[in-house]
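Accompanying notes for the structure given below.
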Amino acid sequence: MNIWPGLDEFPHDIGKTVVTIGVFDGVHRGHQKLICRAVEKAHELGLPCVMITFDPHPLAVIRPQAMPPILGTVEQRARRADELGVDHIVALQFDRALSSLEPEDFFEHVLQDKIHAAAVLVGENFTFGHKAAGTTETLQKLGEKYGVEVDVVELLKDHGERICSTMIRKALLLGDIRKVNWALGRPFTVRSLVVRGAGRGGAELGYPTANMYFGPDVAIPADGVYAGFFTVLDEAPSTAPIEGTMKLGVRYMTAVSVGSNPTFGDERRSVESFVLDEHADLYGRYCRVEFIDFIRGMEKFSSVDELLTHMDRDVAKAREILADADTPVEHLKEIN
C-alpha cells in the first residue's frame with residue numbers, strides 16, 4: 001500500500017479509482033464497514049481503492065477549541081487500512097484553503113481532477129465543503145452530474161448503539177476499556193518511545209516499569225490500572241540487541257498504570273508498564289501497549305507498604321485476566 005502526503009504527490013496516471021473519504025480516527029468497526037465496502041467495490045470494478053483522510057483533523061483548523069484527543073495517527077490508520085485491502089491512502093493537508101472550497105469545487109478539484117474517482121463511498125453522516133455545506137444528498141447529485149457512482153453506507157449500530165469515535169473517547173474517559181475494544185474490534189493501543197521516569201518503580205518498589213508520556217492531544221484511557229500486553233516493536237530506533245530476557249515483536253503480559261503518581265507527587269500523565277516475569281533495558285525503544293481490561297482506579301496511598309500491597313494484587317489480577325483473555329494471544333492481529 002502507498003501513502004501519499006497530498007494531492008500533488010498522488011500519481012495522476014493511475015487511471016480511474018474507487019474512493020472512500022473520512023477522518024477515520026481510530027479506524028473502528030464503523031470505519032471498517034465503510035472501508036470494506038469500498039474495497040469490495042474496487043474489486044468489483046477492477047480498480048484501485050483509495051482512502052482519503054485528513055491531517056490534521058479538520059476540527060484542529062476550523063474549531064481548535066473543540067478538537068478532541070486523537071485515537072490514532074495517520075500511520076496507524078494506514079496500517080489498518082492496509083490490512084483491510086486499501087491500495088492507496090491520500091493524507092490531505094486540511095487547511096483554510098481546503099476548508100473554504102465549495103462542495104462542487106471540492107468534488108471537481110479533488111475527486112475528479114486529482115483522484116479520478118469512478119465511485120465514491122461515504123458514511124451517511126458525511127459532510128464536505130465550506131462550512132460543511134455539502135451533504136450525502138449533495139454528493140449524490142454531483143455524482144449524477146459528473147458520472148460518478150456514489151454509495152452512501154449506513155452507519156454501524158450494534159446493540160442499539162452507534163459505533164463512532166466520540167463514543168470511544170467517552171468510554172476511554174470512563175476507563176471502560178472493554179467497551180472501547182468492542183467498538184474498535186481489537187485492543188486499544190498506544191505506541192511511543194520508552195523514556196526514563198522518576199526511577200522509583202525498580203529502585204524503591206521492586207516493580208520496574210517502561211514509561212511512556214503523552215500530551216493532551218492523544219487519547220489514552222482514564223487514570224487507573226489495567227491488564228494488557230507489551231511489545232517491543234521492530235521499528236525501534238536502536239538496532240542494538242535488547243539487554244535482558246525480552247525479544248522484539250513478542251507480546252508479553254503486563255500490568256499498566258495510567259495517570260500521574262499521586263503517592264509521590266508526580267503530576268505528569270504517563271503510561272507505565274510492568275512486564276510480568278521479564279526484565280530488559282528498554283530505554284529509547286519504540287514499544288506498543290495493548291489495553292485488555294480495567295483493574296482499578298488510581299488511588300493515593302498513605303504509605304509505600306500500602307502501595308506495594310495493592311501493586312502485588314494488581315499484578316496477580318492482571319495475570320488472572322490475561323490468562324483467561326477472550327481472544328487467544330496468537331489470534332490477536334497487530335492492526336493498530
Side-chain angles (χ1 to χ4, degrees), residues 4 6-25 27-63 66 77 81 84-157 162-166:
W4 307 101
L7 293 174
D8 291 338
E9 287 76 14
F10 187 76
H12 303 308
D13 59 351
I14 200 171
K16 293 291 186 178
T17 64
V18 172
V19 182
T20 184
I21 316 170
V23 177
F24 298 108
D25 188 22
V27 196
H28 53 64
R29 288 196 290 130
H31 294 145
Q32 293 166 36
K33 175 184 176 182
L34 173 58
I35 294 168
C36 286
R37 290 280 184 88
V39 170
E40 289 169 6
K41 175 62 70 173
H43 288 166
E44 176 188 323
L45 298 178
L47 299 175
C49 181
V50 178
M51 184 176 104
I52 296 178
T53 187
F54 300 95
D55 187 31
H57 192 293
L59 278 177
V61 175
I62 298 170
R63 285 189 295 145
R77 294 171 218 168
L84 295 173
V86 170
D87 299 300
H88 302 272
I89 285 186
V90 178
L92 284 186
Q93 181 181 1
F94 196 90
D95 54 21
R96 289 291 178 184
L98 185 65
S99 69
S100 66
L101 288 177
E102 294 299 327
E104 186 162 1
D105 292 333
F106 179 90
F107 190 98
E108 189 172 7
H109 175 65
V110 176
L111 299 179
Q112 284 286 93
D113 296 346
K114 299 292 186 179
I115 307 297
H116 310 300
V120 179
L121 292 89
V122 296
E124 62 182 287
N125 62 345
F126 177 73
T127 59
F128 66 109
H130 186 51
K131 294 186 177 179
T135 64
T136 54
E137 183 178 354
T138 310
L139 190 67
Q140 288 172 323
K141 289 179 179 178
L142 289 169
E144 292 175 5
K145 178 179 178 178
Y146 288 91
V148 176
E149 181 180 349
V150 173
D151 187 0
V152 178
V153 178
E154 185 179 2
L155 299 177
L156 178 64
K157 289 186 178 180
R162 182 162 70 89
I163 306 298
C164 65
S165 300
T166 299

Min side-chain heavy-atom separation Lys16-Leu45 under 4.5 Å:
no

The test is side chain to side chain contact (heavy atoms under 4.5 Å, CB included); show your working for Arg96 and Val61 and say whether it passes.
CA-CA 7 Å; Arg96 289 291 178 184; Val61 175; 4.0 Å; yes

Begin from the C-alpha positions of Lys114 and Phe10 and carry the test side chain to side chain contact (heavy atoms under 4.5 Å, CB included) through to its verdict.
CA-CA 8 Å; Lys114 299 292 186 179; Phe10 187 76; 5.8 Å; no

From the list Ile35, Thr53, Leu34, side chain to side chain contact (heavy atoms under 4.5 Å, CB included) with Val27 holds only for Ile35

Between Ala81 and Met51, what is the shortest heavy-atom contact and its length?
CB-SD, 3.9 Å

Taking every non-hydrogen atom, the tightest pair across Val86 and Cys49:
CG1-O, 3.7 Å

Heavy-atom nearest pair, Gly30 first then Ile163, reads N-CG2, 3.9 Å

From CD (Glu104) to CG (Leu142), nearest 0.5 Å:
5.0 Å

To the nearest 0.5 Å, what is the distance between CG on Leu156 and NZ on Lys33?
5.5 Å

Does any N or O in the side chain of Ser165 come within less than 3.5 Å of the main-chain N or O of Asp25, such that one atom is a donor and the other an acceptor?
yes

All pairs passing side chain to side chain donor-acceptor pair (under 3.5 Å) where residues 119-130 contributes a residue, at least two apart
none

Any ion pair linking Lys141 and Glu144 (charged N to carboxylate O, less than 4.0 Å)?
no

To the nearest 0.5 Å, how far apart are CG in Asp113 and CZ in Phe107?
10.5 Å

I'd like to know whether Leu111 forms a side chain to side chain contact (heavy atoms under 4.5 Å, CB included) with Val19, so could you lay out the CA-CA distance, the side-chain angles of the two residues, the decisive distance to 0.1 Å, and finally the verdict.
CA-CA 8 Å; Leu111 299 179; Val19 182; 4.1 Å; yes

Shortest non-hydrogen pair, Asp87 vs Pro48, comes out as OD2-CA, 3.3 Å

Quick check: are there more than 12 heavy atoms from other residues, nucleotides or ligands sitting under 6.0 Å from CD of Glu102?
yes

Straight-line distance of Lys157 NZ to Arg29 CZ, nearest 0.5 Å
14.0 Å

To the nearest 0.5 Å, what is the distance between CG (Leu121) and OG1 (Thr20)?
6.0 Å

Would you mind listing every ring pair (Phe, Tyr, Trp, His ring centres under 6.0 Å) that reaches into residues 28-63, with sequence neighbours excluded?
Phe24-His31, His28-His31, Phe54-Phe94

Measuring from Ile115:CD1 to Ile52:CD1, what's the distance to the nearest 0.5 Å?
4.5 Å

Side chain to side chain, Leu59 and Val23, heavy atoms closer than 4.5 Å:
no

What's the shortest heavy-atom distance between Cys36 and Leu84, and which atoms?
SG-CD2, 3.9 Å

For the residue pair Gln112 and Glu108, what are the closest heavy atoms and their distance?
CB-O, 3.1 Å

Does the side chain to side chain contact (heavy atoms under 4.5 Å, CB included) test come out yes or no for Phe128 and Ile21, once each step is laid out?
CA-CA 10 Å; Phe128 66 109; Ile21 316 170; over 6 Å; no

